[in-house]
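Take a look at the structure below.
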Amino acid sequence: MPRLGDKAYEQAAGFLRIHNAENPLDASAVHPERYALVAQMAKDKGCSLSDLMKDDKLRQSIPLQKYITESVGLPTLNDIMAELAKPGRDPREKFEAFSFTEGINSITDLKAGMKLPGIVTNLTAFGAFVDIGVHQDGLVHLSQITNRFIKDPNEVLKVQQQVEVTVTEVDVARKRISLSMKGDEPKKDNRTVAAKPQPSTPNSGNQPKRKDAAPETIWR
């Protein structure tokens, strides 16, 4: 292939999986430049490559120190053993099924208050754009991403993340959809605080005298 040199091939070949291939190692992540090494291991054990890949006890019995060279260290040998244990494994992340809300197909189907599933398509300094399945991404403003204060949407979101949003405003004419991801705000405590007792004031003429008050002096 044009522009595919030996080094590029060496790096790319490890990502290729060929099921039911003539060489069983083609279904693993072992790189082709290490095939001869694995074949030597199988030969030393008196078994086939297929047997080596299927039998965990057989692999564990291999003295890896014996195969250390200047170009192949123990970490590489451990990686090879790990890959032989899971041939054909898909290296991609586990796929999570996702679907938009049925019956919500266009911006005219939206109403304020609707809660919808969505996928984050872009993050900006002022918020996040979310695809909710109406051919027009909605905007979750930075202030509507979470109840707590954040400076950057990247603090809590990432592109392709699945989220749930609430429609807050729909402008059909301008094709603008405002969304929110904020949960229910905590309810405020409406209990009234009991009034503190007022400090006592000096006795006035309208208040009863204390029993222990000094007697008044009468001048005749």
Side-chain angles (χ1 to χ4, degrees), residues 1-5 7-21 25-32 75 78-80 82-189:
M1 293 181 62
R3 303 182 67 179
L4 181 63
K7 195 63 178 179
Y9 168 76
E10 179 181 316
Q11 295 299 316
F15 293 94
L16 183 64
R17 306 288 187 274
I18 304 176
H19 298 285
N20 301 319
L25 294 176
D26 287 342
S28 74
V30 177
H31 285 244
N78 285 326
D79 288 343
I80 291 175
E83 295 302 331
L84 290 177
K86 49 186 179 181
R89 181 184 68 90
D90 192 333
R92 295 172 295 184
E93 294 182 0
K94 184 178 179 181
F95 174 75
E96 296 182 8
F98 176 85
S99 62
F100 294 112
T101 300
E102 187 175 352
I104 306 298
N105 303 312
S106 69
I107 191 172
T108 55
D109 295 327
L110 299 176
K111 292 182 181 180
M114 283 184 169
K115 291 185 179 295
L116 305 169
I119 297 179
V120 178
T121 58
N122 191 22
L123 296 175
T124 68
F126 54 84
F129 286 94
V130 178
D131 182 3
I132 54 177
V134 296
H135 311 291
Q136 177 66 46
D137 289 356
L139 172 65
V140 183
H141 189 267
L142 181 64
S143 63
Q144 294 297 315
I145 292 177
T146 179
N147 288 341
R148 63 184 177 86
F149 175 76
I150 59 174
K151 294 182 178 180
D152 189 335
N154 289 281
E155 294 179 33
V156 294
L157 295 175
K158 61 182 180 180
V159 175
Q160 295 301 312
Q161 180 176 339
Q162 297 180 16
V163 296
E164 183 180 66
V165 296
T166 300
V167 179
T168 58
E169 186 178 352
V170 181
D171 188 337
V172 178
R174 302 171 69 183
K175 295 184 178 181
R176 291 186 178 180
I177 306 169
S178 297
L179 306 171
S180 174
M181 289 175 52
K182 296 178 70 172
D184 295 332
E185 296 287 350
K187 294 182 179 179
K188 295 181 179 180
D189 190 350

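With sequence neighbours excluded, the residues that form a side-chain contact (heavy atoms from CB on, under 4.5 Å) with V156 are I145, R148, I150. Annotation: side-chain hydrogen bond (donor to acceptor under 3.5 Å, both in side chains) contacts of T168 (sequence neighbours excluded): none. In this structure T108 satisfies the side-chain contact (heavy atoms from CB on, under 4.5 Å) test together with S106, V172, sequence neighbours excluded. Residues satisfying the side-chain contact (heavy atoms from CB on, under 4.5 Å) test with A125, not counting sequence neighbours, are none. Here F100 pairs with F98 under the ring-ring contact (aromatic ring centres under 6.0 Å, His included) rule; sequence neighbours left out. Every residue two or more places apart in sequence or in another chain that forms a side-chain hydrogen bond (donor to acceptor under 3.5 Å, both in side chains) with S180 is listed here: Q144. For D152, the side-chain contact (heavy atoms from CB on, under 4.5 Å) partners are N154, E155, not counting sequence neighbours.
Under a cut-off of 6.0 angstrom, the local environment of CG in D171 is crowded, with over 12 non-hydrogen atoms contributed by other residues, nucleotides or ligands.
Residue M181 forms a side chain to side chain contact (heavy atoms under 4.5 Å, CB included) with just one option from N147, T166, V140, and that option is V140.
Among all heavy-atom pairs drawn from P153 and G127, the shortest one is CG-O, 3.6 Å. Scanning all heavy atoms of the two residues, the minimum distance from K175 to I107 falls at CA-CD1, 3.8 Å. K158 and V120 make their closest contact through O-CB, 3.5 Å (heavy atoms, listed as atom of the first residue, atom of the second, distance). Of all the heavy atoms in A128 and L123, the pair that sits closest is CB-CD2, 3.5 Å.
Side-chain contact between I104 and I132: absent, with no pair of heavy atoms (C-beta onward) separated by less than 4.5 Å. The shortest distance between side-chain heavy atoms of L110 and L116 falls below 4.5 Å. At a threshold of 4.5 Å between non-hydrogen side-chain atoms, the residues D79 and V30 do not count as touching. Looking at T101 and M114, their side chains never come closer than 4.5 Å, going by heavy atoms from C-beta outward. At least one side-chain heavy atom of Q160 sits under 4.5 Å from a side-chain heavy atom of I119.
Legend: side-chain hydrogen bond (donor to acceptor under 3.5 Å, both in side chains) pairs involving residues 116-138, not counting sequence neighbours, sorted by first then second residue: T121-D137.
For the atom pair E169 CD and I177 CD1, the distance stands at 11.0 Å (nearest 0.5 Å).
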